[in-house]
Number of protein chains: 2
Amino acid sequence: MTTYQSRQLDALGDPTRRAIIAQLRGGPLPVGRLARRLPVSRPAVSQHLRVLKQARLVTDRSRGTERLYALNPEAFDSLRAYFDEYWSLALAAFKEKVEALPPEENR
Amino acid sequence: MTTYQSRQLDALGDPTRRAIIAQLRGGPLPVGRLARRLPVSRPAVSQHLRVLKQARLVTDRSRGTERLYALNPEAFDSLRAYFDEYWSLALAAFKEKVEALPPEENR
DNA sequence: CCGACTGGTAAGCTATTACTTACCGTTCGT
DNA sequence: ACGAACGGTAAGTAATAGCTTACCAGTCGG
């Protein structure tokens with residue numbers, strides 16, 4: 001029940017990080033391979049990976065001298081649940097009363 | 001089938017815009033009322049609303065002298081579908097072969 | 001009409017952030 | 001044990017993005 005959603009959405013709000021995620025869709029990759037496929041330097045990739053890791057969107061494990069990064073299914077599941085819970089409620093209400101008037105004067 | 005997902009994720013990658021969305025969960029609101037509930041100025045809210053509108057996350061209609069902003073259910077639905085389609089595939093694969101080896105040498 | 005309200009836009013400042021190069025520690029093969 | 005490759009971190013720069021104040025246009029009520 002952690003409140004990682006903000007951090008996750010912030011992390012997803014960058015094109016390069018989304019590109020990293022797109023690459024990781026194919027399976028775990030070491031940092032160097034990841035950097036070679038992207039138009040930025042390896043340190044930049046490392047920094048993005050740190051953000052993604054803090055948001056729990058990726059996990060890492062070291063294998064020999066290299067470090068494998070992979071998508072974290074649980075985080076994406078929780079994010080999807082967040083969408084369902086948080087927004088579907090409000091949206092379902094909207095679809096019924098589309099012509100709803102705004103709430104009365106508060107503040 | 002439009003490719004608004006990037007723009008939507010970029011738009012959601014800002015706390016103030018998420019706060020705006022949170023306010024709009026309760027129903028449509030005019031800009032001024034929205035600004036009064038947030039710790040930023042009205043022009044700032046206007047600028048955020050422009051971004052949210054370009055991402056199709058909100059819709060607006062004018063009523064008299066004021067302009068009502070509301071969440072756009074379709075956009076949130078499509079974004080949720082994006083999550084399901086785009087990520088669930090990769091993640092389902094992961095859950096089966098958790099100990100999968102990384103792909104062979106390509107590039 | 002005219003004054004008061006609405007909200008969008010312009011211009012400019014500040015702060016954040018994404019990027020680079022340079023450096024360092026770790027791990028493995030020979 | 002040494003050399004090479006891996007990748008994380010530090011420091012500095014440049015671009016971006018969010019914010020503010022000031023201004024302007026449209027709409028409604030008197």
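In this text, all values refer to a predicted model and were calculated from it rather than measured experimentally. We name chains A, B, ... by the order of the sequence lines, and we start the count at 1 in each one.
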Undergrad: What residues form a side chain to side chain contact (heavy atoms under 4.5 Å, CB included) with Thr59(B), not counting sequence neighbours?
TA: Ala70(B), Asn72(B)

Undergrad: Compute the angle between the rotation axes at the two ends of the helix from dC1(C)-dG30(D) to dT30(C)-dA1(D), each taken over five pairs, rounded to 10 degrees.
TA: 30°

Undergrad: Ala35(A): which residues meet the side chain to side chain contact (heavy atoms under 4.5 Å, CB included) condition with it, sequence neighbours left out?
TA: Arg42(A), Val45(A)

Undergrad: Base, backbone or nothing for each nucleotide of nucleotides 2-15 of chain D, written B, S, -, heavy atoms under 4.0 angstrom, 5' to 3'?
TA: ----SBBBB-----

Undergrad: For the pair made of CG in Asp14(A) and C1' in dC19(C), what is the distance, rounded to whole Å?
TA: 11 Å

Undergrad: From Gln5(B) CD over to Arg18(A) CZ, what is the distance, rounded to the nearest 0.5 angstrom?
TA: 10.0 Å

Undergrad: Can you tell me if Ser41(A) touches the phosphate of dT20(C), counting only side-chain N or O atoms and a distance under 4.0 Å to OP1 or OP2?
TA: yes

Undergrad: Could you grab the distance from atom CD1 of Ile20(A) to atom CZ of Arg37(A), nearest 0.5 Å is fine?
TA: 12.5 Å

Undergrad: Rounded to the Å, how far apart are Arg7(B) CZ and dA17(D) C1'?
TA: 17 Å

Undergrad: Working to the nearest 0.5 angstrom, can you tell me the gap between Leu24(A) CG and Leu71(A) CG?
TA: 5.0 Å

Undergrad: Quick one: closest heavy-atom pair of Pro15(B) and Asp10(A), and the distance?
TA: CD-OD1, 4.3 Å

Undergrad: Roughly how far apart are Leu57(B) CG and Phe76(B) CZ, rounded to 0.5 Å?
TA: 4.5 Å

Undergrad: Figure out the CG/C1' separation between Leu52(B) and dG18(D), and round it to whole Å.
TA: 13 Å

Undergrad: Closest heavy-atom contact between Arg61(B) and Pro28(B)?
TA: NH2-CG, 4.3 Å

Undergrad: Which residues, if any, of residues 16-23 of chain A bring a heavy atom under 4.0 Å of DNA chain C?
TA: Thr16(A), Arg17(A)

Undergrad: Which heavy atom of Leu38(A) sits nearest to which heavy atom of Ala19(A), and what is that distance?
TA: CD2-CB, 3.7 Å

Undergrad: Could you measure the distance from the CG atom of Leu79(A) to the CZ atom of Phe83(B)? Nearest 0.5 Å is fine.
TA: 4.0 Å

Undergrad: Would you tabulate the side-chain donor-acceptor contacts of residues 46-54 of chain B under 3.5 Å, counting partners in other chains and residues two or more places apart, or write 'none'?
TA:
from: His48(B); atom 1: ND1; to: Arg17(B); atom 2: NH1; distance (Å): 3.1
from: Lys53(B); atom 1: NZ; to: Asp60(B); atom 2: OD1; distance (Å): 3.4
from: Lys53(B); atom 1: NZ; to: Asp60(B); atom 2: OD2; distance (Å): 3.1

Undergrad: Taking CZ from Arg63(B) and P from dC28(D), how many angstroms apart are they, rounded to a whole number?
TA: 11 Å

